[in-house]
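Here's the structure we're looking at; comments come further down.
Reminder, nothing fancy here: chain letters follow the sequence lines and each chain counts from 1. Fair warning: this is a prediction, and the values are worked out from it, not measured in the lab.
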2 protein chains.
Amino acid sequence: MVENNNTTENQIFEAALKVFHKKGLAGARMQEIADEAGINKSMLHYYFRSKEQLFSQIFLQSFKRFIGGILPLLNADNTWEEKIPEIMGHYANVMQNNPHLAGFVISELRQNAGAFGDILKQNALLNSVFFKQLQEAIQKKEIRNVHPVQIWVSVISSIIFPYIAEPMVKVTLDLQGDNWDMFITNRKKIAADMIINYLKVF
Amino acid sequence: MVENNNTTENQIFEAALKVFHKKGLAGARMQEIADEAGINKSMLHYYFRSKEQLFSQIFLQSFKRFIGGILPLLNADNTWEEKIPEIMGHYANVMQNNPHLAGFVISELRQNAGAFGDILKQNALLNSVFFKQLQEAIQKKEIRNVHPVQIWVSVISSIIFPYIAEPMVKVTLDLQGDNWDMFITNRKKIAADMIINYLKVF
DNA sequence: GTCTATAAGGTGATAGAC
DNA sequence: GTCTATCACCTTATAGAC
């Protein structure tokens, strides 16, 4: 674990995060991580034993940041309607500061889904307050009868997909430079409105 | 190019497609492709010279299948409203038959965006009939004033994202087995309704 | 066209001096 | 803890026999 203030260990961890996020497990090179950290390659093995173990720690932290970050928002003390734009705003911020996070997690899971089974098996999302609020609203016929999972996937896909597919989206849709920031700003509002509108107007 | 009926060459191409789609450029091994094709490793170099060139052909074909496949639908002789569910149905079919296609294309572009610049520079989407129809409908105030690019991203993200993030989605949302097919079936209808509803009711 | 054998270089990992 | 040197293996690619 990287919890103490050992500078060298943290430097390696940060460098590894950067390289793994960009190149993935298969594409990353221990030498490149060492160079990125400005440190000797042997140190990587001294602190983390093997490439696999270093990757494993990076992946675990990344996955937690990707999924765990929204749990407080999902369980917060506000309405489902308020939660939707907050979730989108949260992910937009996370992606802005860490553009490769989502793509990294999803790519590695796709290429090697079995290896992380234990990390994933937690029904934290399904048991969240957000899901319960939606179920209640459906029972009270306040909103359209749609499975909360569908709503959830709509929420995250509409904001996360553009970042995962960023290179393709940018070029095929001419969203280079300032256009991109504008696109994301509009995206948050439009996607949230679209979902809320769909649920309430029926 | 793989156009003639040379069996060996096609066998290699199909095997390479399978392996590259699953493992990506960095993770794929020439030996694994040879084994998959049931053929000697030297044959790969005989027909495709290098790993890079073999990959390049696979990527190009995959990208065309991923993007090019919807162009006829976008330019078809029907309304924008009819096109939306058709696009989603098309992608659902493509993903069903080729589960790794989208993830492969997007992962490789993310890890090495610069290398494929020339393939991407085509405004086929922006100049399609679908985009023109949306612009017209906006001008006539028949639908809400939303940039067509936002509509487009909503359409594709809502159906493609679940497949790209399939391993994560399946486990975190308990969509194993039959639940998955049901989820996708519902997804197509809900996502299309959501977008059309948003555009028309304002 | 297809195979075996092998070259040439890269990559993860460790030993051992300091 | 940090470094240099080096091992052992893997991977792409080619040479050359058939």
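Rounded to whole Å, atom C1' of C:dT11 lies 15 Å from atom CG of A:Leu54. When the P atom of C:dT6 is taken as reference, atom CG of B:Asn40 falls 15 Å away, rounded to whole Å. Remark: P of C:dG12 and CG of A:Asp35 are 12 Å apart, rounded to the nearest angstrom. What separates CZ of B:Phe48 from P of D:dA13 is a distance of 13 Å, to the nearest Å. Rounded to whole angstrom, the span from the CE atom of B:Met43 across to the P atom of D:dT12 amounts to 17 Å. For the pair B:Lys23 NZ and D:dT11 P, the interatomic distance rounds to 10 Å; values are reported in whole Å. For the pair A:Ile33 CD1 and C:dT11 P, the computed distance is 12 Å after rounding to whole Å. Here the C1' atom of nucleotide C:dG1 and the CG atom of B:Leu44 are 14 Å apart, to the nearest Å.
For the side-chain contact (heavy atoms from CB on, under 4.5 Å) with B:Ser42, the qualifying choice from B:Leu44, B:Ile39, B:Asn40 is B:Asn40, the only one to do so. Of the residues listed (A:Lys22, A:Lys18, A:Lys23), the one engaging A:Glu32 in a salt bridge (Lys or Arg N to Asp or Glu O under 4.0 Å) is A:Lys23, and it is the only one.
At a cut-off of 3.5 Å, with distance as the only test, a side-chain donor of A:Ser107 or B:Ser107 sits close to an acceptor on the other residue.
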Would you tabulate the nitrogen or oxygen pairs shorter than 3.5 Å linking the protein to nucleotides 14-18 of chain D?
residue: D:dT14; atom: O4; partner: B:Ser42; partner atom: OG; Å: 3.4

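With C:dA13, D:dG1, D:dA13 as the choices, the nucleotide that has an atom nearest any side-chain atom of B:Lys51 turns out to be D:dA13.
Where A:Ile39 and B:Glu52 each meet DNA chain D at their nearest nucleotide, the meeting point lying more 5' is that of A:Ile39.
When the ring pair (Phe, Tyr, Trp, His ring centres under 6.0 Å) test is applied to A:Phe130, no partner is found at least two apart in sequence or on another chain.
Other residues, nucleotides and ligands contribute over 12 non-hydrogen atoms within 6.0 Å of the CZ atom of B:Arg65. Remark: B:Asp178 CG is loosely packed, at most 12 non-hydrogen atoms of other residues, nucleotides or ligands lying under 6.0 Å away.
Taking the six-membered ring for Trp and the full ring otherwise, the centers of B:Phe104 and B:Phe20 sit at least 6.0 Å from each other.
A salt bridge does not link A:Lys200 to A:Glu142: none of the charged nitrogens lies less than 4.0 Å from a carboxylate oxygen.
Taken residue by residue, residues 24-32 of chain B places heavy atoms nearer than 4.0 Å to DNA chain D at B:Ala28, B:Arg29, B:Met30.
A distance of 11.5 Å separates CD in A:Gln150 from CG in A:Leu199, rounded to the nearest 0.5 Å.
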